[in-house]
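Working notes, structure below.
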Amino acid sequence: MSSSANGCEPTEQLSALYFHQLTAYFAELDATRSRIQMMELLADLFTKTRPEEMDEVIYLLQGRVAPLYAPIEFGVGEQLTAEVVAEGTGAALDDVHRRFSEIGDYGAVAEELIEREQGSVTVAHVFERLTEIALTEGEGSVAKKVSLLADLVRNVGKQEVRYLLRIPLGRLRLGVGDPTFMDALSFARTGSKEHRPAIERAYSICSDLATVAKDYWRAGIDGLQDIHIVVGTPVIPAASERVKTMEDLVLRLGRCAVEPKFDGIRCQVHFDGENVTMYSRHLENFSGMFPDVVAAVREQAAGHTFIADSEALAYDVETGAFLPFQMTTQRRRKHNVDEMAEKLPLRLVLFDLLYLDGVDLTRQPYTERREHMLGFLREGSVLQVTENIETDSVAAIEAFFADKIEHGLEGVMAKKLDSVYQAGRRSFDWIKMKRSYQGELSDTVDCVVLGYWYGKGARSQLGIGALLLGVYDKDRDQFVTISRLGTGYSEEEWVKIRELLDKDRAEEAPSRVEAEIAPDVWSNPTHVVEIQADEITRSPTHTCGKQNGDDMGYALRFPRVVGFVREDRSPEDATSVQEVIRLYTVQAEKGKK
DNA sequence: GTCCTCGGCAGTC
DNA sequence: ATCTGACTCATTCGG
DNA sequence: CCGAATGAGTCAGATGACTGCCGAGGAC
């Protein structure tokens with residue numbers, strides 16, 4: 001190996017990496033706040049990692065055993081982890097749950113219950129076992145997953161178990177993510193972040209960080225030259241930023257393109273002339289789910305190869321209007337695919353083109369990509385290119401926006417005219433604007449707090465993680481649930497609201513409260529909070545508006561608190577069930593246009 | 001043995 | 001999805 | 001002219017409703 005790297009060359013044969021060595025790094029990262037120091041620690045770890053172990057280290061850091069787009073999941077969440085801890089440490093399941101509600105981290109719970117200081121398993125061994133767990137399926141698989149992981153628990157030390165259990169939970173919580181890994185790779189070779197853009201570009205178009213890491217490690221930036229956009233291999237999609245007002249939007253973009261924003265499922269379509277492959281926003285393979293779209297791609301794009309960014313939406317066959325998200329999402333399925341395709345046909349609205357007929361378009365400006373996108377499709381009922389306007393006027397954007405809202409759409413996306421397609425990045429090249437961002441344009445709901453849940457991770461320090469919210473049913477003088485709430489408060493406010501709720505603590509659900517879910521701590525209905533939400537949805541879990549046991553209720557989509565507590569309102573002054581239903585009806589009317 | 005329900009998980013937004 | 005909080009980095013302020 | 005203060009940007013990790021799949025386990 002010859003290269004100009006400084007300090008990263010293995011000067012001696014590195015030995016196999018033990019899992020306790022890896023978790024020692026994790027513990028250091030855990031204790032480090034500075035991102036620069038975390039990057040340096042990671043760079044050091046990469047230096048000590050043999051090339052053949054790079055895959056394992058990278059995937060484990062990502063909380064996985066395979067690249068993002070591989071359909072390999074652990075199938076071990078919190079409940080099963082609790083069983084693993086009990087089985088692996090000999091503690092009672094009750095005890096495990098009790099400890100978890102206090103410290104909010106199963107890794108830390110297991111650490112408390114283990115004496116052993118250090119295990120003797122290697123990273124390779126742990127990786128192999130975790131892979132086995134992920135691949136286990138069929139009858140008896142749940143018990144087998146648990147016992148495999150419990151076996152590992154018995155063979156590692158205190159510090160190791162802490163991080164071992166966090167891996168399948170997908171909550172390693174080290175304060176590092178993909179961007180930091182990429183900085184660290186660059187830093188390990190160059191002592192600076194200078195190669196980050198090249199590394200990031202490679203990662204974004206092949207979606208496999210382990211491949212990028214190995215190529216880069218072997219040959220530096222030259223090693224990345226062979227990574228190109230390939231039809232069939234998912235590209236990490238570009239994402240948008242938000243602003244508060246239309247004025248801010250125009251200030252940032254000047255003259256820009258404005259497109260409608262659809263409330264469907266993001267879909268990246270690949271066509272190699274024969275095969276159609278589709279990926280979701282997080283690179284799940286959708287290909288088998290939308291046979292109607294696949295057929296349409298073959299027809300409407302015959303003779304071409306391409307990769308496009310799009311939104312898939314179900315629509316009303318009678319009126320042509322797009323259906324709500326809850327309808328579209330029913331098309332995301334493995335079984336009864338064909339029947340559902342007939343019942344709920346999809347439209348695919350293309351809004352960007354990354355590749356066409358052998359040419360990578362991602363580095364061309366928006367306007368040119370759009371030209372290509374408008375030119376290659378045949379007419380058809382499924383694939384269509386999104387409409388757009390070009391303007392630098394706030395008034396024009398507002399008019400366009402109002403029209404889209406009036407027709408039941410989510411809002412608009414504004415795009416910088418000369419911007420390239422920034423795969424894997426969230427940037428101000430694309431700015432989304434939804435109704436709920438503009439305070440006066442969207443309704444808020446006054447909700448009564450009915451109780452709270454203990455938090456996990458960092459929130460456990462606060463003694464609270466989320467609230468149970470209700471509204472008032474005037475007809476029956478009952479409080480019914482409409483949402484949980486986990487965002488909007490500062491840490492200080494979380495603590496304050498918990499203190500208030502503890503004063504009104506109830507040992508069980510108060511008699512005037514009707515709920516099908518139970519918080520960790522009940523509270524007598526006293527405090528009213530103002531909640532902003534994007535929409536009201538039909539709900540199988542919340543009791544607001546439920547007529548009888550098996551009916552659907554109503555709930556809030558994307559709830560967040562604004563302000564703290566409304567001192568001027570009594571619980572009976574909260575929004576009523578009847579008002580919620582009225583709001584839902586008004587919203588449903590718009591969807592029909 | 002077969003069918004059905006439900007809890008848990010993983011994914012969409 | 002939304003949101004907060006910590007840190008980084010570039011720019012401006014003030015002595 | 002240089003260090004301190006400020007503010008925008010980046011990143012990570014809390015949390016939401018809802019749907020479908022899968023396996024477990026009860027009913028029959």
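Here is the naming used below: chain letters follow the sequence lines, and residue numbers restart at 1 for every chain.
Between R426(A) and Q330(A), the residue anchored nearer the 5' end of DNA chain D, judged by the nucleotide with its closest heavy atom, is R426(A). When the nearest nucleotides of DNA chain C are assigned to P559(A) and Q37(A) by heavy-atom distance, the more 5′-ward of the two goes with P559(A). Nucleotides of DNA chain D nearest to A143(A) and T537(A) differ in position, and the one nearer the 5' end is that of T537(A).
A cation-pi arrangement is found for R538(A) relative to Y584(A), the charged atom lying closer than 6.0 Å to the ring centre and inside a 45° cone about the ring normal. Geometrically, R166(A) does not engage Y106(A) in a cation-pi contact, judged by NZ or CZ lying under 6.0 Å from the ring centre and within 45° of the ring axis. Both the sub-6.0 Å distance and the 45° axial angle are satisfied by R252(A) relative to the ring of F428(A). Because its NZ or CZ atom is both nearer than 6.0 Å to the ring centre of F564(A) and within 45° of the ring axis, K496(A) counts as a cation-pi partner of that residue.
Here R196(A) lies in heavy-atom contact (under 4.0 Å) with sugar-phosphate atoms only. T328(A) comes within 4.0 angstrom of nothing in the nucleic acid, heavy atoms only. Counting non-hydrogen atoms under 4.0 angstrom, K193(A) reaches the backbone sugars and phosphates but no base.
Using a distance-only test at 3.5 Å, with no hydrogens or angles considered, a donor-acceptor pair links the side chain of T575(A) to the main chain of D446(A). R557(A) contributes no side-chain N or O that, together with a main-chain N or O of A555(A), makes up a donor-acceptor pair within less than 3.5 Å. Of the possible polar contacts, one joining the Q268(A) side chain to the V235(A) backbone as a donor-acceptor pair under 3.5 Å is found. Distance alone, capped at 3.5 Å, is enough to place a donor-acceptor pair between the S207(A) side chain and the P234(A) backbone. Here the side chain of R129(A) pairs no donor or acceptor atom with the backbone of E132(A) at under 3.5 angstrom.
As rounded to whole Å, 12 Å separates atom P of dA6(C) from atom CD of E492(A).
Atom CD of E137(A) has 12 or fewer neighbouring heavy atoms from other residues, nucleotides or ligands inside a 6.0 Å radius. Dense packing is recorded around CD of E247(A), with more than 12 heavy atoms of other residues, nucleotides or ligands lying under 6.0 Å away.
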Using a cut-off of under 3.5 Å, enumerate the N/O to N/O pairs linking the protein to nucleotides 1-3 of chain B.
none

Checklist entry - Can you check ring pair (Phe, Tyr, Trp, His ring centres under 6.0 Å) on Y421(A) and W430(A), steps first, answer last? => result CA-CA 10 Å; Y421(A) 187 90; W430(A) 292 3; 5.8 Å; yes
Item to check | ring pair (Phe, Tyr, Trp, His ring centres under 6.0 Å) between Y163(A) and F26(A), worked out | outcome: CA-CA 8 Å; Y163(A) 301 107; F26(A) 287 2; 5.7 Å; yes
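Reading DNA chain D from its 5' end, the first and the last nucleotide to sit under 4.0 Å from a heavy atom of chain A are dG9(D) to dA24(D).
A salt bridge between E259(A) and K415(A) is present, with a side-chain N of the basic residue lying under 4.0 Å from a carboxylate O of the acidic one.
Just one of R560(A), K261(A), R435(A) meets the salt bridge (Lys or Arg N to Asp or Glu O under 4.0 Å) condition when paired with D534(A); it is R560(A).
Looking at residues 455-462 of chain A, you'll see G455(A), K456(A), G457(A), A458(A), R459(A) sit with a heavy atom under 4.0 Å from some atom of DNA chain D. The stretch residues 233-242 of chain A has no heavy atom under 4.0 angstrom from DNA chain D at all.
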Checklist entry - Which letters describe nucleotides 5-13 of chain B, given B = protein heavy atom under 4.0 Å from base, S = only from sugar-phosphate, - = neither? => result ---SSSBBB
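Remark: R196(A) engages D183(A), E200(A) in a salt bridge (charged side-chain N to carboxylate O under 4.0 Å, His left out) (not counting sequence neighbours).
Taking atom C1' in both dA1(C) and dA10(B), the straight-line distance is 16 Å, to the nearest Å.
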